[in-house]
There are 2 protein chains.
Amino acid sequence: MPYDPSAFPPFAVTVDLVVLTVRRHALCALVVRRGESPYQGRWALPGGFVRIEEDLGAAAARELTEETGLHVQGPDDRHTGAHLEQLATYGDPGRDPRMRVVSVAHLVLAPDLPTPTAGGDADSVRWAPVDSLLPPGQPCGDGPDRSGGQPDPLAFDHSRILADGVERARSKIEYSSLATAFCPPEFTVGELRRVYEAVWGVALDPRNFHRKVTGTPGFLVPTGGTTTRQGGRPAQLFRAGGATVLNPPMLRPDV
Amino acid sequence: MPYDPSAFPPFAVTVDLVVLTVRRHALCALVVRRGESPYQGRWALPGGFVRIEEDLGAAAARELTEETGLHVQGPDDRHTGAHLEQLATYGDPGRDPRMRVVSVAHLVLAPDLPTPTAGGDADSVRWAPVDSLLPPGQPCGDGPDRSGGQPDPLAFDHSRILADGVERARSKIEYSSLATAFCPPEFTVGELRRVYEAVWGVALDPRNFHRKVTGTPGFLVPTGGTTTRQGGRPAQLFRAGGATVLNPPMLRPDV
DNA sequence: ACAAAAGTGTTGGATTTACACCCATGA
DNA sequence: TCATGGGTGTAAATCCAACACTTTTGT
């Protein structure tokens with residue numbers, strides 16, 4: 001290794017955030033409008049520089065709070081706040097025209113909440129349906145190229161990061177209890193089902209879904225309360241149980 | 001964001017490699033002996049600095065070749081070389097006492113091959129069974145605890161990186177065709193089964209395993225040849241098929 | 001009464017498991 | 001001939017998809 005560590009090449013390290021929620025039966029991502037060049041005026045994922053004495057996860061949590069007011073769920077704290085996990089790292093030379101930037105992308109799953117107001121400016125941040133941000137039929141698909149090429153709506157390589165985050169969310173709710181991170185602290189089986197339907201983009205049988213989730217040990221614990229906020233017969237309320245991995249997993253149709 | 005991009009904090013960016021193979025019915029990882037401080041003389045994962053005009057994956061492939069002579073499987077090239085994918089990024093301040101280093105770990109799955117000879121020194125690189133490198137009974141939580149609490153055998157935070165890589169490999173062979181990356185270009189069903197048994201640390205029924213893998217579309221394609229290198233009745237030889245995702249998945253017992 | 005959503009029962013088909021049994025080779 | 005690993009058949013248990021049907025509310 002003919003490489004001198006004391007002369008290591010300097011990189012800028014940032015975190016980018018794929019913040020997902022389910023609103024009005026659609027999977028949505030948080031995007032912010034860029035105020036500066038490059039890509040001025042374009043939408044981008046929230047993010048920023050990692051500070052020199054700051055852990056990567058801490059930087060992601062800080063940026064999340066700064067840009068959305070959301071807080072991250074502590075390890076002890078059972079479901080007050082959002083789920084955060086590292087997604088992947090993007091370091092292509094030239095992904096930022098200004099300098100060599102390595103970005104550690106993180107994935108955040110948040111319950112539906114009032115439209116966030118950024119640190120200062122209000123209409124420079126919004127929830128956008130992922131279908132409107134991503135080329136259609138992309139993620140699961142493997143086939144040849146389709147969608148004859150509208151302009152990429154997101155700055156930098158953020159479309160790819162978003163696609164990776166959406167794909168991660170789609171597969172993780174299959175074998176983990178993470179779908180509850182999209183729900184308020186107390187929720188019904190029907191609300192949880194609508195999360196799965198929105199994230200996967202499929203319709204699920206309500207009867208079989210109910211049996212499945214209530215029969216998976218540790219997934220849901222009843223609170224005793226009921227609600228009629230969805231109309232119809234009152235539904236039991238549940239909280240997320242202690243299980244993190246689902247056994248048996250939820251089965252996504254076809255694929 | 002009161003942050004001046006022109007004064008971004010400088011980071012060193014490295015790649016670390018979790019290189020796994022199956023030898024003598026055990027899952028093994030590649031480790032190198034450190035020649036310099038800190039952790040001088042201790043075993044560590046191979047890795048090195050990312051060059052200033054180099055993509056992250058390219059840096060990982062370069063380090064792999066430099067330290068082991070292994071080559072990475074091209075996207076077109078069907079199974080000549082190893083599988084490489086990004087694993088996760090580790091950037092805790094203080095993980096390297098010399099400076100702020102963010103390391104993008106990569107996972108490599110390689111077939112069993114003659115003991116690698118590093119760029120120069122021969123006995124400073126070796127295959128070590130992961131059971132001997134990791135705290136006992138940790139991930140899969142199978143056997144009783146063995147080797148009660150020696151000091152951490154790997155430098156830096158490499159034990160954690162290795163554990164994450166092993167866990168990724170264990171779960172990925174379940175729903176992808178990646179187990180074939182541990183096999184030579186042509187292999188038998190029994191050899192593939194021994195890969196699963198070594199990685200998962202379980203015994204599988206040979207009859208049901210055979211039916212399952214040969215019945216999963218796109219997983220294996222017969223070459224027409226046979227071999228008796230395992231003894232007993234001649235076994236058909238197979239190559240990896242085009243499928244990357246396994247449907248239905250292989251099922252890991254209990255869990 | 002009616003619509004809407006929650007939940008339970010049942011049934012046929014698919015999948016999984018466990019294991020009996022046969023096949024083809026080397027020693 | 002025996003030991004060894006390769007491979008097929010089969011039956012019980014289990015799981016899952018589909019859907020008929022009942023329950024409990026709001027209007």
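What you see is a predicted model, and the numbers here were worked out from it, not measured in a lab. Each chain gets a letter, A, B and so on, in the order the sequences are listed, and its residues count up from 1.
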Rounded to whole angstroms, how far apart are [atom1] on [X] and [atom2] on [N]?
X: A:Leu237; N: C:dA6; atom1: CG; atom2: P; result: 11 Å
X: A:Glu191; N: C:dG7; atom1: CD; atom2: P; result: 11 Å
X: A:Lys212; N: C:dG9; atom1: NZ; atom2: C1'; result: 18 Å
X: A:Gln236; N: C:dA5; atom1: CD; atom2: P; result: 18 Å
X: A:Leu220; N: C:dG7; atom1: CG; atom2: P; result: 11 Å

Item to check | Any pair counted as salt bridge (charged side-chain N to carboxylate O under 4.0 Å, His left out), so long as it reaches residues 212-234 of chain A, sequence neighbours left out | outcome: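 Residue pairs with at least one partner in residues 212-234 of chain A: A:Glu191-A:Arg229.
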Checklist entry - Is it the case that A:Asp16 and A:Tyr90 place a side-chain donor and acceptor less than 3.5 Å from each other? => result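 Their side chains do not contain a donor-acceptor pair, so the 3.5 Å distance test is not met.
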Checklist entry - What are the 5'-most and 3'-most nucleotides of DNA chain D lying under 4.0 Å from any heavy atom of chain A? => result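 For DNA chain D, the relevant span reads D:dC16 to D:dT25.
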Main-chain N/O of [Y] paired with [X] side-chain donor or acceptor, under 3.5 Å:
X: A:Trp127; Y: A:Arg23; result: no
X: A:Thr228; Y: A:Pro234; result: no
X: B:Gln86; Y: A:Thr89; result: yes

Checklist entry - Taking only residues at least two apart or on different chains, which pairs with a member in residues 202-234 of chain A satisfy ring pair (Phe, Tyr, Trp, His ring centres under 6.0 Å)? => result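 Residue pairs passing ring pair (Phe, Tyr, Trp, His ring centres under 6.0 Å), neighbours aside: A:Tyr196-A:Phe209.
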Next on the checklist: Return a single string for nucleotides 18-27 of chain C, one symbol per nucleotide in 5' to 3' order, where B is base contact, S is sugar-phosphate-only contact and - is none, cutoff 4.0 angstrom on heavy atoms.
Outcome noted: BBBB-BBB--
Checklist entry - For A:Trp43, is the NZ or CZ atom of A:Arg126 found under 6.0 angstrom from the centre of its six-membered ring and inside 45 degrees of the ring axis? => result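 A:Arg126 over A:Trp43 ring: yes.
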Checklist entry - Base, sugar-phosphate, or nothing for B:Arg193, non-hydrogen atoms under 4.0 angstrom? => result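 Answer is sugar-phosphate: B:Arg193 comes under 4.0 Å of backbone atoms only.
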Item to check | Residues forming a ring pair (Phe, Tyr, Trp, His ring centres under 6.0 Å) with B:His106, sequence neighbours excluded | outcome: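 Testing B:His106 for ring pair (Phe, Tyr, Trp, His ring centres under 6.0 Å), a comparison that skips the adjacent residues, returns none.
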Checklist entry - So, is A:Arg194 close to the C:dA6 phosphate, meaning a side-chain N or O under 4.0 Å from OP1 or OP2? => result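 It does, given that an N or O in the side chain of A:Arg194 lies less than 4.0 Å from OP1 or OP2 of C:dA6.
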Item to check | Set of side chain to side chain donor-acceptor pair (under 3.5 Å) partners for A:Thr21, sequence neighbours left out | outcome: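 With sequence neighbours excluded, A:Thr21 shows a side chain to side chain donor-acceptor pair (under 3.5 Å) to no residue whatsoever.
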Checklist entry - Closest nucleotide of DNA chain D for B:Thr214 versus for A:Pro248: which of these residues is on the 5' side? => result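 That would be B:Thr214.
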